[in-house]
Amino acid sequence: MKNNSFNADLVLYNVCIDCFGKVGKVDMAWKFFHDMKSQGLVPDDVTYTSMIGVLCKAERLDEAVELFEELDLNRSVPCVYAYNTMIMGYGSVGKFDEAYSLLERQKRKGYIPSVIAYNCILTCLGRKGKVEEALRIFEEMKIDAAPNLPTYNILIDMLCKAGELEAALKVQDYMKETGLFPNIMTVNIMIDRLCKAQRLDEACSIFLGLDHKVCTPDTVTFCSLIDGLGRHGRVNNAYMLYEKMLDSDQTPNAVVYTSLIRNFFKCGRKEDGHKIYKGMMHRGCSPDLMLLNTYMDCVFKVGEIEKRRSLFEEIKARGLTPDVWSYSILIHGLVKAGFSKETSCFMR
């Protein structure tokens, strides 16, 4: 830019740093940062925050910290965006103590940390499974900054993953008391975790209680509940939900069809499993490798050898590459059916 007929200004340098950072060209972004200073331009908060974010994303944390400290030095008013970015950077590599120390530093300077900063801390704790610590921070947060919907989603997800469903439900109830209502992310978290805990009636109750004007179920919602019901033998309920999905504005994807096929075969209803596959093809949904592998495994287990052969060929015909599972299903099925000699061609 120095050789062009115009002088690059601060905004242009900021754009370059951001753009190169987003495509992973960290050293190039770093070069622009230093080049602008050599041109007599003073980096502003946007420049610093963007460059700190680029370095954190590249896990070059030492350089990010050095840059952050350079920005924060002798500032009476903290740059909230830089603090949030640095907290997220620490959080992404699991450095909770360092992240939390930045919250405390903001307070010492007389400024209340933002809800975004607290959410970053909670996310960090969630990744490390520190539930009790997260709940303590949450109580502290309620004094400093009003928790928002993402806050509650982070907590609910964390509690569900820790197997503390009752605590997650209590957090959801408290959220409603504060005037916030679950969005589809909250709903999906709860339905998925309740299904995995075999609390299917509660999962169905959440689904049936949705106000579609406020919170409309998406593909993830349907998929979680269809799979949960099917896995635990309630294939009729799963199929009814699938029909309900067809009547909605949500289109079943390969994940939904994989679940239905697997669970129908598992319950001994292979004809229904075949019908699901034909119906999927009729509706224009292309099977992925996971679905074809699952279907191939199912037909092997019920002794449909020729169907197995055609499915393996279909994998290749669709431009998909058979993986280890594909070959494992095929070889195991052939040996079990007494065609072990056919497996030799796959071992070359």
Side-chain angles (χ1 to χ4, degrees), residues 1-128 130 134 137 140-141 144-146 148 150-151 154:
M1 287 191 287
K2 290 183 287 186
N3 297 326
N4 289 333
S5 58
F6 68 93
N7 293 319
D9 62 7
L10 183 62
V11 174
L12 185 55
Y13 271 106
N14 286 346
V15 169
C16 289
I17 290 169
D18 183 60
C19 289
F20 279 107
K22 284 179 178 176
V23 296
K25 302 287 186 181
V26 183
D27 290 331
M28 186 61 73
W30 217 191
K31 179 180 180 300
F32 275 107
F33 181 85
H34 291 296
D35 185 54
M36 69 184 293
K37 293 170 81 172
S38 70
Q39 296 300 305
L41 294 171
V42 179
D44 62 6
D45 288 352
V46 174
T47 320
Y48 274 103
T49 302
S50 182
M51 195 63 232
I52 290 167
V54 169
L55 292 167
C56 286
K57 188 177 178 181
E59 296 188 1
R60 290 165 60 166
L61 213 60
D62 290 341
E63 292 166 278
V65 170
E66 184 179 344
L67 201 57
F68 173 79
E69 295 299 343
E70 180 183 311
L71 169 65
D72 200 48
L73 185 65
N74 299 321
R75 281 187 63 135
S76 58
V77 180
C79 174
V80 174
Y81 299 107
Y83 269 84
N84 290 346
T85 302
M86 198 65 243
I87 287 170
M88 284 191 283
Y90 278 131
S92 67
V93 295
K95 293 192 172 184
F96 165 71
D97 292 335
E98 290 85 345
Y100 187 71
S101 71
L102 292 185
L103 282 184
E104 294 299 304
R105 188 195 296 190
Q106 277 184 283
K107 291 180 182 180
R108 288 196 301 272
K109 289 192 173 190
Y111 288 85
I112 298 173
S114 69
V115 66
I116 295 173
Y118 273 109
N119 286 349
C120 293
I121 293 287
L122 292 174
T123 300
C124 173
L125 290 170
R127 288 172 180 164
K128 296 181 75 174
K130 294 190 173 183
I137 297 295
E140 178 184 312
M141 177 185 184
D144 292 335
N148 58 11
T151 311
I154 293 166

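Nothing here was measured: the structure is a model prediction, and the numbers come from that model.
Tyr100 and Ile121 get closest at one heavy-atom pair: N-CD1, 3.6 Å. Residue Asp9 comes nearest to Leu41 through the heavy atom pair C-CD1, 4.0 Å, listed as atom of the first residue, atom of the second, then distance. Shown here for Val42 and Leu10, the closest heavy-atom pair between the two residues is O-CD1, 3.7 Å. The shortest non-hydrogen separation linking Ala145 to Pro113 is CB-O, 3.9 Å.
For Arg127, there are no side-chain hydrogen bond (donor to acceptor under 3.5 Å, both in side chains) partners two or more places apart in sequence or in a different chain. By the salt bridge (Lys or Arg N to Asp or Glu O under 4.0 Å) test, Asp18 is found to be paired with Lys22, residues two or more places apart in sequence or in another chain being considered. The salt bridge (Lys or Arg N to Asp or Glu O under 4.0 Å) search around Asp44 returns none, not counting sequence neighbours. Every side-chain contact (heavy atoms from CB on, under 4.5 Å) that Cys56 has, sequence neighbours left out, goes to Ile52, Leu61, Ala64, Met86. Taking Lys109 as the reference, Asp72 meet the salt bridge (Lys or Arg N to Asp or Glu O under 4.0 Å) condition, with sequence neighbours excluded. In this view, Thr151 and Asn119, Asn148 satisfy the side-chain hydrogen bond (donor to acceptor under 3.5 Å, both in side chains) rule, not counting sequence neighbours. With sequence neighbours excluded, the residues that form a side-chain hydrogen bond (donor to acceptor under 3.5 Å, both in side chains) with Glu70 are Lys37, Tyr48. Remark: Ser114 engages Asn84 in a side-chain hydrogen bond (donor to acceptor under 3.5 Å, both in side chains) (not counting sequence neighbours).
To the nearest 0.5 Å, the span separating CG on Leu102 from CG on Asp97 amounts to 11.5 Å. Atoms CG and CD, from Leu103 and Gln106 in turn, are 6.5 Å apart once rounded to the nearest 0.5 Å. Within the model, atoms CZ of Arg105 and CD1 of Ile87 stand 10.0 Å from one another, a figure rounded to the nearest 0.5 Å. To the nearest 0.5 Å, the span separating OG on Ser101 from CZ on Arg108 amounts to 7.5 Å. In this structure, Lys31 NZ and Cys16 SG are separated by 10.0 Å, a value rounded to the nearest 0.5 Å. Here the OG1 atom belonging to Thr85 is positioned 12.5 Å from the CE atom belonging to Met51, to the nearest 0.5 angstrom.
Legend: salt bridge (charged side-chain N to carboxylate O under 4.0 Å, His left out) pairs involving residues 80-91, not counting sequence neighbours: none detected. Sorted by first and then second residue, the pairs that involve residues 53-73 and meet ring pair (Phe, Tyr, Trp, His ring centres under 6.0 Å), not counting sequence neighbours, are Phe68-Tyr83. Note on residues 51-64: pairs passing side chain to side chain donor-acceptor pair (under 3.5 Å), not counting sequence neighbours, are Asp27-Arg60, Trp30-Glu63, Arg60-Glu63. For residues 103-127, no pair satisfies ring pair (Phe, Tyr, Trp, His ring centres under 6.0 Å), with sequence neighbours left out.
The shortest side-chain heavy-atom distance between Val115 and Met141 falls under the 4.5 Å cut-off. Using a 4.5 Å cut-off on side-chain heavy atoms (C-beta onward), Cys79 and Leu71 make contact. The closest side-chain heavy-atom distance from Glu104 to Lys107 is below 4.5 Å. With contacts defined as side-chain heavy-atom distances shorter than 4.5 Å, the pair Leu67/Phe33 qualifies.
Counting only distance, with no hydrogens or angles, the side chain of Thr49 and the backbone of Asp45 share a donor-acceptor pair below 3.5 Å.
Within 6.0 Å of the OH atom in Tyr81, the count of heavy atoms belonging to other residues, nucleotides or ligands does not exceed 12. Taking a 6.0 Å sphere around CD1 of Ile116, one finds it holds 12 or fewer heavy atoms contributed by other residues, nucleotides or ligands.
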Practice problem: Decide side-chain contact (heavy atoms from CB on, under 4.5 Å) for Tyr13 and Asp35; before the verdict, give the C-alpha distance in whole Å, the side-chain angles of both, and the deciding distance to 0.1 Å. | Solution: CA-CA 9 Å; Tyr13 271 106; Asp35 185 54; 2.7 Å; yes
Quiz item: Hey, mind stepping through Thr123 and Cys120 against side-chain contact (heavy atoms from CB on, under 4.5 Å) and telling me if it holds?
Solution: CA-CA 5 Å; Thr123 300; Cys120 293; 5.7 Å; no
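Taking the six-membered ring wherever Trp is involved, the centroid distance between the rings of Phe32 and Phe20 falls below 6.0 Å.
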